Amino acid sequence: MKIRQILTDKVQQAMLAAEIPAEFAPHIALSKQAQFGDYQANGILGAAKKLKTNPRALAEQVIEKLDLTGIAGKVEVAGPGFINIFLADSWLSNQLNEAFSDSRKGVSTVEQAETCVVDYSSPNLAKEMHVGHLRSTIIGDAVVRALEFQGHNVIRQNHMGDWGTQFGMLLAHLNDKLANDQVAETALADLEDFYREAKIRFDEEDGFADRARDYVVKLQGGDADCLTLWEKFIDVSVAHSEEVYEKLNVTLQRKDIKGESAYNPDLKTVVDELSEKGIAVEDQGAKVVFLDEIANKDGEPSVFIVQKSGGGFLYATTDLSACRYRAGELNADRILIFTDARQALHFKQVELVARKAGFLPDHVQYEHCPFGMMMGEDGKPFKTRTGGTVKLADLLDESVSRAQTLIAERATDISVEEQAEIARKVGIGAVKFADLSKHRTSDYIFSWKSMLSFEGATAPYLQYAYTRVRSIFAKAGIVPGALQASIQVDAPQERALAIKLLQFEDTLEQVTKEAHPHVLCAYLYELASLFMSFYEACPMLKSDVAAADKESRLGLSQWTAEVLQLGLDILGIETMEKM
């Protein structure tokens, strides 16, 4: 249900009828206080200012033309020219009843599906995934799920780091391990240890660095034996990532991998085209693009190197090739890339060069979606106690272990096996929600205590809210989903809950438009909180509750549970029937 869109269309029609030019939008917003209605149309003030007329008088003219029959119970002008809209209880009831059996809870699929290419996670296969990969992986996956739920054609792109000079060092070390009768899976069981061993040999062992450089040359030259060795390394490394993806409940699969190596055959062509078009020029032996569009304060253009003086290519070259592939081969309408904010300048440069070169046509949206850092409680980047990098798999295991302890303390009639499954869902959900609920561009403090709390905006609180509804149905002896209720909104708590339920589609639109999963997190927390208020104020299982009231309130409860489950699923967080 697109309440905001319905009201926007209606008010826009009234504004046109009041002879306000079409360039002025209604600007429908949620009212912040109940006395000002449920929604406000705030666009009249801006229109009145441009038209040099009295805004309150203009708002009165719009109301005279505004037809919200059956939708609003009251419409009024407030302040200098705001239009307050109070939705009718009967309309709210009808909307809920019409979509009661709809598994999508009134959320329509988009009329024009876009092909959305989403680049996220992108670990470096030279090492195991660490906490620095968490945000890209889960924010990207939440946005992907939301886009797919809306009906868009989503193409995942896991731009893994599977190429580069460090692989020469790693392949030389792996070759020696295999020569000593170790199998690749055993040798690479701990990628961090493997990398550390190889680096020590590179820095300290006579002749090893030269061998490593030879491997780089062979790898880039397509040597068959070297490529076979590289493929073994990549296969085992990808398997490590897949284990983390499974634990995290994200939707990335092996088929979604489009690593840096995939673009290698195209890199020379990219540079040649940039040179032929006069976009890239030679500077001190390197091929460089000078970007006046993002000059510094002294007027010096931004420098974007696409080929090193020795002939080597860079991330810049690979990302330009990726632009051409995604726009040309995948026919993307929209490209979204999730990396940390420190890469913002790089991707701005990529877009400018790609558009100059024609790799990115004007109709293709190119969106770098930056995010902040996960910080420890000391306010510094999250590390182990010894100052090392935290493996993502270890972090997730610890969260599940901590959740297991909490569940065991609370559990009464739950078996050990059930406790383990609940702990897994709570532990993983807690890590994900703690991250996703923060504004994407903000840094945030990682805190075990707050993320695993059963109070406040946390996954455990929302998972418990869902099970709370399920327990109501269990007490009532009703099979979930079997209820065919007739909802009648009456009490203030019912009204507030009904409005929030019908805002689910508007919320999803904001999530996908801005790539901001925190908007959905906030919505679900507000929904759960409103349900708790409703549950306290509107009894449904007491013997003195009228049958019609009981049925209506159970209907509102079922709607709430289904929206909570849908919303959490879009975030990649699992629910359970009891906890």
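Remember, predicted model here, so these are calculated numbers, not experimental data.
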Donor + acceptor pair across side chains of Ser121, Tyr245 (<3.5 Å): yes
Donor-acceptor contact present, side-chain Ser261 to main-chain Trp163, <3.5 Å: no
Taking the six-membered ring for Trp, are Tyr366 and Phe347 parallel (under 30°), tilted (30 to 60°) or perpendicular (over 60°)? tilted
Does Ser447 have any side-chain contact (heavy atoms from CB on, under 4.5 Å) partners at least two apart in sequence or in another chain, and if so, which? Glu377, Lys449, Ser450
Could you check whether any side-chain heavy atom of Ile138 comes within less than 4.5 Å of a side-chain heavy atom of Leu134, counting everything from C-beta outward? yes
May I ask you to check whether Ser309 and Gln284 show a side-chain donor-acceptor distance below 3.5 Å? no
Residues in salt bridge (charged side-chain N to carboxylate O under 4.0 Å, His left out) contact with Asp283, at least two apart in sequence or another chain: none
Rounded distance [0.5 Å steps], CZ in Arg135 versus OG1 in Thr339: 12.0 Å
Does some side-chain heavy atom of Asp119 sit less than 4.5 Å from a side-chain heavy atom of Ile335? no
Would you say the ring centroid of Phe371 lies under 6.0 angstrom from that of His439? no
Side-chain polar contacts of residues 566-577 - donor-acceptor pairs under 3.5 angstrom, sequence neighbours left out - could you list them?
residue	atom	partner	partner atom	Å
Glu574	OE1	Arg424	NH2	3.4
Glu574	OE2	Arg424	NH1	2.9
Glu574	OE2	Arg424	NH2	3.3
Thr575	OG1	Gln565	NE2	3.2
Glu577	OE1	Arg470	NE	3.2
Glu577	OE2	Tyr466	OH	3.3

Look up atom CG in Asn331 and atom OG1 in Thr115, then write down how far apart they are to the nearest 0.5 Å. 7.0 Å
Taking the ring centre of each residue, are His346 and Tyr315 less than 6.0 Å apart? no
Short N-O contact, Arg201 and Asp206, less than 4.0 angstrom: no
Please check if the side chain of Arg440 supplies one atom and the backbone of Pro370 the other of a donor-acceptor pair under 3.5 Å. yes
Asp190 side, atom CG; Glu128 side, atom CD - distance, nearest 0.5 Å: 5.0 Å
For residues Val426 and Met579, determine if any side-chain heavy atom of one lies less than 4.5 Å from a side-chain heavy atom of the other. yes
Whether the His516 and Gln510 side chains hold a donor-acceptor pair (N or O, under 3.5 Å, no angle test) is what I'd like checked. no
I'd like to know whether CZ of Phe290 has more than 12 heavy-atom contacts from other residues, nucleotides or ligands below 6.0 angstrom. yes
Partners of Arg213 by side-chain contact (heavy atoms from CB on, under 4.5 Å), sequence neighbours excluded? Phe202, Ala209, Asp210
Donor-acceptor pair, distance only, cut-off 3.5 Å: does the side chain of Asp435 make one with the backbone of Val431? no
Check: Leu330 and Tyr325 side chains under 4.5 Å, non-hydrogen atoms: yes
Output yes when a side-chain donor or acceptor of Thr317 lies under 3.5 Å from a complementary backbone atom of Leu314, and no otherwise. yes
Side-chain H-bond candidate by donor/acceptor type, Gln150 with Thr512, under 3.5 Å: yes
To the nearest 0.5 Å, atom CD of Gln463 lies from atom NZ of Lys425 at 8.5 Å
Spacing of CZ belonging to Phe194 relative to NZ belonging to Lys177, to within rounding of 0.5 Å: 7.0 Å
Nearest 0.5 angstrom please: Leu291 CG to Lys356 NZ, how far? 6.0 Å
Are the side chains of Glu351 and Leu360 in contact, using a 4.5 Å heavy-atom criterion? yes
Sorted by chain and residue number, the salt bridge (charged side-chain N to carboxylate O under 4.0 Å, His left out) partners of Arg324 (sequence neighbours excluded) come out as Asp266, Glu273
If you look only at distance, which donor and acceptor atoms sit under 3.5 Å apart when one is on a side chain in residues 219-230 and the other is two or more places apart or in another chain?
residue	atom	partner	partner atom	Å
Asp223	OD2	Asp225	N	3.2
Asp223	OD2	Cys226	N	2.9
Thr228	OG1	Ala224	O	3.0
Trp230	NE1	Asp162	O	2.9

Please check if the distance between the ring centroids of Phe454 and Tyr461 is under 6.0 Å. no
